[in-house]
Amino acid sequence: MRYEDLYRRSIEQPEAFWAEAATAIDWNEPPRKILEYTQPPFRKWFAGGTTNLCHNAVDRHLAQRADQLALVAVSTETGVTREITYRELHREVNAFAAVLKRLGVGRGERVVIYMPNMAEAVFAMLACARIGAIHSVVFGGFAAHNLALRIDDARPRLLIAADAGSRGGKVIPYKPLVDQACAEAKFPPSKVLIVSRGLDAAQPRVEGRDEDYAALRAQVGDQEVPVEWLESNEPSYLLYTSGTTGKPKGVQRDVGGHAVALALSMRTVYDVGPGQVMFSTSDVGWAVGHSYNVYGPLLVGATSLLYEGLPVNPDPGIWWSLCEKYGVRTMFSSPTAVRVLKKHDVAYIRDHDLSKLHYLFLAGEPLDEPTAQWITNALGKPVIDNYWQTETGWPVLCLLPGVDMKPVKFGSPGLPNLGYRLRVIDETTGNEAAVGEKGVLVIEPPLPPGCMTTVWNDDARFLSSYFGHFRQLLYSSLDWAIRDKDGYTFILGRADDVINVAGHRLGTREIEESVSSHPAVAEAAVIGVHDELKGQVPVVFATLKRSDAGSAEAAAQMMRTVTEQLGAVARPSRVYVVNALPKTRSGKLLRRSLQALAEHRDPGDLSTLDDPNALEEVKRALERGADAGS
Ligand code: ATP
Ligand code: MG
């Protein structure tokens with residue numbers, strides 16, 4: 001099958017296409033209508049059909065693969081590896097569901113899960129799905145304030161937390177954070193369930209609120225909890241966007257569309273089927289974690305590898321040794337992680353037998369060419385960039401090696417995924433941008449199955465945030481894009497990262513790419529800073545590969561590189577060489593904070609900041625003055 005034919009069918013005959021895709025999952029009652037689209041842009045996929053994610057991810061595999069591994073949870077933080085078969089997964093998920101019921105959790109109620117990458121996080125998610133409760137996983141690295149914000153938006157009946165997380169061997173007790181968040185929240189949960197791994201012994205209990213999972217697990221024993229059949233469009237989970245650009249939005253996902261889209265993508269994009277192994281290095285707290293650490297692989301009867309720990313611990317070969325040991329077929333990671341590995345000897349990769357590994361997929365942020373080139377050379381396998389958002393839940397732009405493998409073009413996440421009507425639109429005129437011309441990437445509704453159904457409790461915000469940008473009803477990705485003659489799309493950065501220099505609109509990402517192409521540069525962040533004369537000017541913050549390299553000289557060369565590649569208009573006004581750049585816990589640059597600091601404003605909400613030192617670095621650099629420019 002050719003990609004072009006399949007794609008065309010998904011666009012021209014969406015109902016036939018998705019009806020066929022829907023046969024990949026079990027339905028208790030088949031859909032009455034494949035697509036109900038009476039209230040654009042809201043849409044209902046598989047209306048009237050009833051199904052259950054837990055049944056599809058667990059129960060239905062028992063007949064054929066009960067003794068096959070479903071989940072391998074490896075922690076280099078605790079030194080524990082758990083190999084869990086589908087039979088064991090079924091037992092543990094049922095027990096967890098029984099505990100949830102005992103705590104009074106019912107269909108449609110929210111459960112916040114605040115846990116690192118440990119097996120019980122997966123059990124908890126699937127247990128919620130089983131009984132029709134709506135889970136909302138909050139990344140374990142988030143601080144109490146972040147947790148409180150999400151609690152108040154989701155208003156959970158129950159909060160499930162690990163006793164502690166661990167990062168690079170440093171134990172981070174969660175209980176104090178949970179207590180703090182519950183104190184700060186206006187709508188704290190009435191029950192808190194602690195899953196203890198014995199990492200934090202000193203845990204004062206709040207009487208009447210706190211429960212211990214092990215104790216309840218022992219009480220409920222092994223019992224089967226019946227699956228709650230849900231209408232396809234009922235909410236399955238909430239997940240808050242990472243908040244790089246503002247207040248996080250509670251992305252709401254459905255049941256049937258979500259299952260069908262993930263099952264399809266496992267086959268067509270990630271090329272993983274029953275009995276094969278997928279290793280996503282994401283955290284269960286992110287969209288990738290939901291889709292490709294938990295639901296996707298399990299929906300198709302594959303084995304999912306879940307990893308807790310640093311990519312360099314005990315040494316930078318750890319991921320590849322896991323690939324070798326478990327025969328990983330498809331690996332999924334992020335450019336940030338690869339940039340970490342790139343600082344180490346390539347032998348850490350090459351010394352492993354990776355004959356079973358077919359692909360490495362990378363997503364979440366722009367994949368710069370030097371990084372893509374390095375990892376491609378090191379692995380000798382296709383490295384596939386794929387572009388998506390928490391909102392979409394599965395790739396928007398990608399290559400589909402499970403259908404037919406198109407050539408990789410560095411710098412581009414590839415072609416429109418099945419079911420996505422993508423356009424690149426001129427921001428001001430709303431007209432289609434020509435080939436090679438920059439515009440905003442938009443999706444023509446109805447959004448395909450798997451994409452968000454709305455913002456939790458806030459249809460108005462769903463409409464204004466995503467559909468209010470153009471005269472026509474279009475979902476705006478808020479990302480800049482450009483399409484080449486072969487239909488490959490290149491992402492040029494966020495629409496709100498655009499700066500206006502003397503009337504010229506420049507994407508900061510383009511300037512970043514240009515700065516990064518200088519051999520001395522490790523990473524660069526470009527922001528627009530207010531300027532009396534020009535409106536805004538580009539300002540560069542860059543880290544160097546070698547800390548002993550001459551900053552002033554490198555900075556001056558960066559300016560020259562940009563001028564040569566993009567023209568004088570894009571020439572950075574100032575270049576600051578720093579030791580670290582401020583990033584979120586998901587590895588994204590916090591440009592808005594950089595910009596605020598450079599304009600002597602308050603850096604704003606820093607609760608998603610990964611390393612506070614990076615911000616101090618920037619402040620010091622600003623005080624010290626630029627390494628080039630003025
Ligand atoms: P928020 O919407 O709350 O500000 P966020 O956009 O950072 O947070 P995510 O949904 O995790 O949260 O990230 C999606 C964004 O990440 C995309 O809109 C895009 O800007 C960027 N992105 C993801 N994958 C890629 C990719 N392959 N290439 C370039 N950019 C990417
Ligand atoms: Mg976003």
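Please read all numbers here as calculations on a predicted model, not as lab measurements. We count ligands from 1, going down the list as the structure has it; atoms in each ligand are counted the same way. Worth knowing before you read on, the calculation uses all heavy atoms, side chains too, and leaves out hydrogens, waters and symmetry mates.
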Item to check | Any donor-acceptor N or O pair under 3.5 Å, side chains N386, W388 | outcome: yes

Next on the checklist: Under a 3.5 Å cutoff, is there a donor and acceptor pairing between the side chains of Y387 and D479?
Outcome noted: yes

Under 4.0 Å to a heavy atom of [X] - the qualifying atoms of ligand 1, by number:
X    : value
P366 : 28 (N), 29 (C), 30 (N)
R494 : 4 (O), 5 (P), 6 (O), 7 (O), 15 (C), 16 (O), 20 (O)
E391 : 10 (O)

Item to check | Given R339, K588, K583, R509, the one that forms side-chain hydrogen bond (donor to acceptor under 3.5 Å, both in side chains) with E365 | outcome: R339

Checklist entry - Testing T489, D484, D385 for side-chain hydrogen bond (donor to acceptor under 3.5 Å, both in side chains) with K409, which one passes? => result D484

Can you find an N or O of [X] that's nearer than 3.5 Å to an N or O of ligand 1?
X    : result
D479 : yes
L362 : no
T241 : yes

Checklist entry - At the 4.0 Å heavy-atom cut-off, does D385 count as touching ligand 1? => result yes

Counting only heavy atoms closer than 4.0 Å, does ligand 1 sit against the backbone of [X], its side chain, both, or neither?
X    : result
N386 : backbone
T390 : both
W388 : backbone
K588 : side chain

Checklist entry - Should E308 and R167 count as an ion pair when the cut-off is N to O under 4.0 Å? => result no

Checklist entry - Which is it for L447 and R43 under the side chain to side chain contact (heavy atoms under 4.5 Å, CB included) test, yes or no, and what are the steps along the way? => result CA-CA 8 Å; L447 298 178; R43 83 289 186 219; 3.7 Å; yes

Next on the checklist: Holding to ring-ring contact (aromatic ring centres under 6.0 Å, His included), I want the full list of residues that pass it with F490, two or more places apart in sequence or in another chain.
Outcome noted: none

Item to check | ring-ring contact (aromatic ring centres under 6.0 Å, His included) partners for Y359, two or more places apart | outcome: F361

